[in-house]
Amino acid sequence: MERPPPSDWGRPRTAVTKRVDRVGEAGWNREIASRPRKRTKAIFVCLETDMAKKERKPDQGDEKLYALRHSAAHVMAGAVLELFPGAKFGFGPPIQDGFYYDFDLARPLTPDDLGKIEAKMQDVVKHDAPFQHRDDSEDEVRDGRVSIYQHDGFVDLCKGPHVASTGKIGPFKLLSIAGAYWRGNERNPQLQRIYGTVWPVQKQLDDYLKRLQEIERRDHRVLGKELELFRIDEELGSGLVLWLPNLSIVREELETWWRKIHRDRGYTLVYTPHIAHEKIYLRSGHLEKYGENMYGPLLLDDGTQKFWIKPMNCPGHIKVFQSKIHSYRELPLRIGELGTVYRYERGGTLHGMLRVRGFTQDDSHIFCSWDQAQDEIGKVFDLALEFLSVFGYTDPSIYLATRPEKRLGSDELWDKAEAALKTALGIREVAYKVDEGGGVFYAPKIDIRVHDAIGREWQGATVQIDLNLPERFDVTFVNEKGERERAVMIHRVLFGSLERFVGGLIEHYAGNFPVWLNWEQVAVIPVRESALPYARDVATRLRTENFRVHLDEQAGDLRNRVKEAQQRKASYMLVVGDKEAAAGTVSVRRRGSRDEERGVALDAFVDRIKKERESKALPADFAQHEPSAGDSIA
RNA sequence: GCCGACGUAGCUCAGCCGGUAGAGCAGCGGUUUCGUAAACCGCCGGUCGGCAGUUCGAGUCUGCCCGUCGGCUCCA
């Protein structure tokens with residue numbers, strides 16, 4: 001079946017086309033043409049547009065890696081063209097750890113094709129054909145200069161840089177096939193994208209592939225099954241998470257701690273309903289702006305009453321605030337809730353616990369005056385950093401996301417809000433990057449992104465100044481002059497959603513939770529039946545200290561029972577036999593370790609694990625890996 | 001939602017060109033009493049994602065739907 005070509009592709013020609021209409025947002029405007037077979041197989045035109053002149057993105061690698069990835073992408077494109085005559089080409093940029101290239105082909109690619117393409121690429125690499133650069137061409141182009149790279153019989157018109165010759169391309173591997181919209185716009189036709197990776201030396205490729213395996217091993221969906229953490233049941237509904245008993249314990253601990261740190265910081269914790277009358281979502285603008293994602297309506301009283309399931313907690317918190325008139329003396333008023341919301345996300349976007357349809361936000365709305373706003377933002381900011389560091393997330397980077405093109409509220413308000421965020425960051429002297437236009441339609445925001453144990457970046461916390469709802473709901477307080485004044489509404493989350501956060505934690509810890517969160521803090525394993533009474537005493541003692549203990553009463557091989565405790569990810573295994581019973585000691589073995597520490601006094605152990613629990617210490621088997629070596633060549 | 005792949009017992013997977021399901025682990029019942037990552041024997045367990053269709057006959061072929069996975073788009 002022939003798919004229609006992307007709408008703004010050029011017609012095949014015998015020479016480089018001169019039709020260059022406009023510069024796309026993606027930066028590279030290109031036309032495709034084909035030349036007589038023998039000499040030239042395909043031609044790309046890359047104009048030097050503003051975007052093209054822009055610096056490389058940091059994750060595309062330094063200049064050498066960029067060239068390597070870029071060159072591999074072009075060699076791949078050449079190989080694809082040989083195997084699929086008539087193939088058309090989209091973009092093929094370097095990306096973090098590799099490259100991709102988009103193609104329009106007569107038939108869908110299969111995994112087998114990847115091997116064939118790889119083989120062709122190997123041939124080209126063996127050939128060691130030089131990448132030749134020409135700075136102009138015989139072709140007319142309205143604006144910009146044409147820059148051509150050529151290797152073998154294959155001509156690329158693009159800006160480079162490339163490696164000197166195809167032989168300089170290091171070990172590579174094609175990884176996956178995926179669909180991708182032409183120019184990233186979902187109204188456009190879809191192309192087939194091949195992802196690949198390439199490295200200067202074999203060891204780096206091996207390391208990278210090992211890292212991919214490590215990521216797979218940590219996948220929260222896999223660990224979620226193995227450790228009985230959560231389940232998503234088709235019959236119950238996709239995107240809806242069942243927290244199994246083990247993970248429920250983790251959540252309970254997190255929530256308890258969350259409540260404590262919020263009460264300590266002057267937050268008022270509330271509960272609001274899960275469904276609400278249509279009126280409120282008409283007023284808030286949610287139905288208009290967000291209706292497609294909302295569950296509902298629920299029709300009652302013959303359809304005259306409409307209710308919707310809440311997708312956000314803000315309207316409820318505003319109603320809490322408005323339950324009485326507030327004096328400036330009461331501000332800032334910090335209203336917080338572990339608020340469960342439901343959003344109908346498109347099917348293809350769901351992903352384990354990281355992208356679901358029902359989730360609980362640790363949501364807070366801070367109502368204050370403009371004078372107080374930057375101070376409040378600063379406090380949230382400090383809290384967020386403190387909070388994230390407890391989990392061992394490191395190397396936070398801060399982004400200030402400013403007004404997007406499509407937005408609500410006057411420029412004057414946006415100026416004020418952005419200024420408040422900036423000042424808060426400035427006072428704390430933190431380095432931050434500006435994400436121009438990255439704000440949401442109703443608010444500029446500060447995002448905190450952190451790195452996990454294997455160097456991946458996660459969205460940590462976000463702070464926004466809402467410019468929409470205070471107006472719509474006429475949220476006010478009484479100022480010192482006795483006048484009603486518009487309140488500022490700061491919206492913030494720390495976890496984001498508990499589902500996403502905990503899903504991320506599973507991967508971050510690789511299932512090895514610290515003592516304070518672990519569902520099985522101690523496994524008590526008697527060597528044989530004769531030690532069972534003592535084992536019971538040990539378990540009882542620990543339970544008195546509020547530890548979660550698994551007492552292993554089954555008969556069987558000790559080795560096997562230790563293995564099972566390791567597999568359940570118990571933080572500690574206490575093996576007790578007749579010797580321990582006589583001495584009042586335990587033999588301590590830590591999760592992940594093959595060594596045991598014998599003859600530890602029970603009291604000493606209790607003391608140790610209590611300290612570990614109270615300090616929320618990261619587990620001994622937690623290792624912070626180096627961030628991806630990926631972006632430069634040492 | 002879109003492109004592609006996939007969907008067999010609680011889990012991981014086998015099942016050749018269509019002839020009416022098989023293993024390991026888990027579970028259960030025994031046996032084993034054993035000092036730190038898999039003791040032995042037996043048993044139970046499957047509307048082969050769902051609904052249609054082709055066929056004498058479908059887990060195997062076709063269509064639609066649901067779900068999952070890799071991405072795109074979107075996002076907490």
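Predicted model only: the values in this text are computed from it and were never measured. The sequence lines fix the lettering, A, B, ..., with proteins before strands; numbering per chain opens at 1. The analysis underlying the following values was restricted to heavy atoms, covering all of them including side chains, and did not include hydrogens, waters or symmetry mates.
Under the 4.0 Å criterion applied to side-chain N and carboxylate O atoms, A/E337 and A/K310 are assigned as salt-bridge partners. In this structure, A/E520 does not pair ionically with A/K569, as no charged nitrogen and carboxylate oxygen lie closer than 4.0 Å. Between A/R251 and A/E499, at least one side-chain N (NZ, or NE/NH1/NH2) sits under 4.0 Å from a carboxylate O, which counts as a salt bridge. Between A/E186 and A/R346, at least one side-chain N (NZ, or NE/NH1/NH2) sits under 4.0 Å from a carboxylate O, which counts as a salt bridge.
Within the 4.0 Å cut-off from OP1 or OP2 of B/C75, not a single side-chain nitrogen or oxygen of A/R355 is found. Dashed line: the shortest gap from a side-chain N or O of A/H351 to OP1 or OP2 of B/G70 is under 4.0 Å.
Between the side chain of A/E186 and the base of B/C2, no donor-acceptor pair of N or O atoms lies under 3.5 Å. Remark: the A/R559 side chain and the B/C34 base include no donor-acceptor N/O pair separated by less than 3.5 Å. Between the base of B/U68 and the side chain of A/R221 there is no donor-acceptor pair shorter than 3.5 Å. Between the side chain of A/R589 and the base of B/A37, a donor-acceptor pair under 3.5 Å is found. If you check distances only, the side chain of A/R343 never reaches the base of B/C75 with a donor-acceptor pair under 3.5 Å. The base of B/G1 is not paired with the side chain of A/Y344 by any donor and acceptor separated by under 3.5 Å.
Of the possible donor and acceptor atoms, one in the side chain of A/N246 sits under 3.5 Å from a partner among the backbone N and O of A/L227.
Between A/E529 atom CD and B/G35 atom C1' the separation is 16 Å, expressed in whole Å.
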Practice task
Dot-bracket notation for RNA chain B is requested: 5' to 3', Watson-Crick or G-U wobble pairs only, both distances under 3.5 Å, with ( ), [ ], | and . as defined.
Solution key: (((((((..((((.....[..)))).(((((.......))))).....(((((..]....))))))))))))....

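Judged by the 6.0 Å and 45° rule, A/K289 forms a cation-pi pair with A/F441.
A/S587 comes within 4.0 angstrom of a nucleotide base, judged by non-hydrogen atoms across all strands. In this structure, A/V341 reaches neither bases nor backbone, as no heavy-atom distance under 4.0 Å exists between it and the strands shown.
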N/O contacts under 3.5 Å, protein versus nucleotides 59-66 of chain B?
| from | atom 1 | to | atom 2 | distance (Å) |
| --- | --- | --- | --- | --- |
| B/C66 | O2' | A/E234 | OE2 | 3.4 |

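Partner of A/F501 under the ring-ring contact (aromatic ring centres under 6.0 Å, His included) criterion, chosen from A/F495, A/W458, A/W258, A/F359: A/F495.
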